[in-house]
Amino acid sequence: MAGEVKDILKRKLTGKHYERLIAIANSKMHRFVADAIELTDPSSVYVCTDSPDDVAYIRALAIKNGEEIPLDIKGHTCHFDGYHDQGRDTFSTRYLLPTGSSLGESLKSVEKQAGVAEVRGFLKNSMADREMLICFWALGPIGSDFAIPCIQITDSPYVAHSESILYRPGYEQFKKIGDSPHFFRFLHSEGELEKFVSKNVDKRRVYIDLEEEMVYSVNTQYGGNTIGLKKLALRLAIQKASREGWLAEHMFVMGVHGPKGRVTYFTGAFPSACGKTSTSMLPGQTIVGDDIAYLRKKEGQMRCANVEKGIFGIIRDVNSKDDPIIYEALTEPIEVIFSNVLLVDNKPHWLGMGRELPKKGINHSGQWLEGTKDDKGNEITASHKNARYCLNIPDLANCDPLLDEPEGVLVGGIVYGGRDSDTWVPVEQAFNWNEGIILKGAAIESETTAATLGKEGVRTFNLMSNIDFVSIPLGRYVQINLDFANGVKKPPLVFSVNYFLRGKDGKYLNGMADKLVWILWAELRVNGDVGVLKTPTGFVPIYDDLARLFRQHLSRDFTRDDYVRQFTIRIPENLAKLDRVEKVYREKVPDTPQILFRTFDEARSRLKAAAHKHGDYISPFDLAQGGPFDLAEK
Ligand code: SPV
Ligand code: MN
């Protein structure tokens with residue numbers, strides 16, 4: 001260890017913590033820690049190992065500091081983020097890029113030298129009155145080639161506590177990497193606090209250095225901006241994966257349970273707040289993960305693993321009817337951190353919990369009274385729409401047994417979803433891998449939600465639901481996805497789903513529970529158990545199969561009228577969507593692969609030919625009339 005680094009560490013770390021740090025013989029890590037200490041000047045430094053005592057220490061510190069409030073139920077705490085710090089800050093999250101380099105205009109960046117100086121300026125002496133926590137975690141199952149070691153430095157015990165729930169322990173793993181420079185680094189400070197929340201949100205910055213595989217985050221507490229291993233690491237991982245030939249995706253992983261005990265694994269990409277967690281938690285199925293997956297090719301198979309072991313899920317409309325497993329978990333004495341819910345007498349309440357909410361309490365705005373308005377005149381909701389819970393997946397009744405499998409699970413199917421009121425049918429299989437990547441994944445659009453700061457309900461392009469996190473030029477990212485099936489003996493089938501389709505009267509055409517049928521149908525397709533109907537947009541289910549699945553799994557009828565309303569191919573809307581999305585690629589993505597435009601053209605021709613023959617709105621029964629039931633696809 002260089003003398004200067006050693007001096008700094010010796011000066012700030014007491015014997016026990018110094019020993020813990022140097023037990024990991026990694027010079028790059030030591031330099032990182034020494035630099036963070038010099039920069040932020042903490043009053044003390046605590047190095048966490050994998051021991052439960054250290055996690056208990058962090059948790060107790062979060063409570064002692066007032067960052068978390070213990071609740072009535074054992075193991076439960078509640079954290080509040082500042083009123084203006086309730087979602088991911090997509091404006092101030094930027095890549096640090098050297099002068100002259102660019103990732104394309106859709107990826108926000110800041111000139112590296114200036115950006116580093118700015119963020120380090122905000123971090124200067126930021127920990128003067130607090131303890132620095134140094135934590136080691138792993139992304140991905142321990143001992144697997146999916147795994148990436150990480151170090152998180154933070155002055156927020158809430159952040160460290162959340163990470164202890166969300167990620168696998170990494171201290172012992174870190175010892176094994178020796179002096180390797182290949183690990184991710186995160187430095188976070190909440191900055192100045194007022195009533196336990198970050199005060200200077202105007203100086204909130206999340207700056208990502210892809211070359212250094214390191215992220216700075218300051219003046220914020222919201223998990224999506226601060227929990228390094230979550231969306232900050234995803235951005236680093238996408239870049240790393242692109243160099244190394246694997247994929248890092250904003251995807252759930254779940255075991256879908258077919259007939260006779262068969263389990264087929266699916267991944268699914270949905271923009272935030274579009275049903276990703278609730279799909280991965282569908283009744284009768286098992287969850288591997290709800291947010292981020294790494295996919296690798298191994299011996300001709302596509303396999304994937306959850307990089308996390310916990311869930312940081314939205315707590316809105318979570319009630320005993322719609323989300324029984326989560327609801328039950330949230331009322332049991334397991335470890336849970338609630339954030340930005342409504343507290344009354346140390347009990348949490350949230351929007352859509354299935355009972356009337358109290359009229360006053362403590363929430364993300366402080367003391368709250370029903371009807372109170374904020375400084376912009378908007379009514380303050382009882383709990384925030386992006387309020388969250390954080391818990392361990394193994395504490396859930398539906399935890400999949402392969403959660404920690406080092407080899408990951410075999411990917412049978414991939415599902416892409418968005419928030420689309422008028423175009424896509426509820427479920428559809430792409431004709432093949434390329435069509436799936438291009439016409440499903442790369443064409444996802446979603447209306448914006450409360451998971452990011454800014455206006456809700458604006459229809460935005462969100463390829464693979466990963467637009468906020470892609471850290472390479474978008475065209476290259478599409479190409480890498482296309483190429484990923486090369487060498488795979490049986491590529492996964494690719495599906496689109498749409499839970500948000502509305503009828504002419506503006507009402508949703510589906511209930512929340514219906515998604516179970518779409519996913520079970522996809523499982524049958526992957527295993528060749530059902531046929532399909534060929535439409536201009538893809539393969540849709542045959543009516544009889546859906547009617548049987550609805551009866552069997554939801555105990556209700558699915559009428560021929562339901563089928564027609566939901567599976568009518570809407571030609572003008574599909575054409576308009578192709579035009580909208582193509583415009584984005586033509587104008588904003590100069591490196592778009594040509595195959596994308598060709599595939600869009602083919603889709604357009606199919607739509608126009610069908611409209612010519614059947615009109616603008618085509619009932620699937622019209623296509624079925626002597627039409628090509630694709631039983632050969634079985
Ligand atoms: C999302 O918004 O996609 C989340 C939560 O999963 S966050 O940590 O904010 O990214
Ligand atoms: Mn997410």
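When a ligand or atom number is given, it counts from 1 through the structure's own listing order. Residue numbers run from 1 in the order of the sequence given.
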Report yes if some heavy atom in the side chain of [X] is under 4.5 Å from a heavy atom in the side chain of [Y]; otherwise report no.
X	Y	value
H250	M464	no
T381	N363	no
I314	T277	no
P348	L71	yes

Does a salt bridge link D291 with K231, judged by any charged N lying under 4.0 Å from a carboxylate O?
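The answer is yes: the pair qualifies as a salt bridge.
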Residue and atom names of protein N/O/S atoms that fall under 2.8 Å from the Mn ion (ligand 2)
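For the Mn ion (ligand 2), the protein N, O and S atoms that sit under 2.8 Å away are K231 NZ, H250 NE2, D291 OD1.
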Atom CG in L403, atom CD in E308: separation rounded to 0.5 Å?
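CD of E308 is found 10.5 Å from CG of L403.
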Around ligand 1, what residues show up once you keep those with a heavy atom under 4.0 Å from it?
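Contacting ligand 1 under 4.0 Å are R88, Y222, G224, K230, K231, H250, S272, D291, F312, R388, A451.
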Spell out, as yes or no, whether a donor-acceptor pair under 3.5 Å connects the side chain of K309 to the backbone of S164.
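Judged by distance alone, yes, a pair lies under 3.5 Å.
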Donor-acceptor pair, S198 side chain versus N200 backbone, under 3.5 Å?
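Side chain of S198 to backbone of N200, a donor-acceptor pair under 3.5 Å: no, none is there.
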I'd like to know if the side chain of Y222 pairs up with that of N386 as donor and acceptor (distance under 3.5 Å, no hydrogens or angles considered).
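Yes, a side-chain donor-acceptor pair sits under 3.5 Å.
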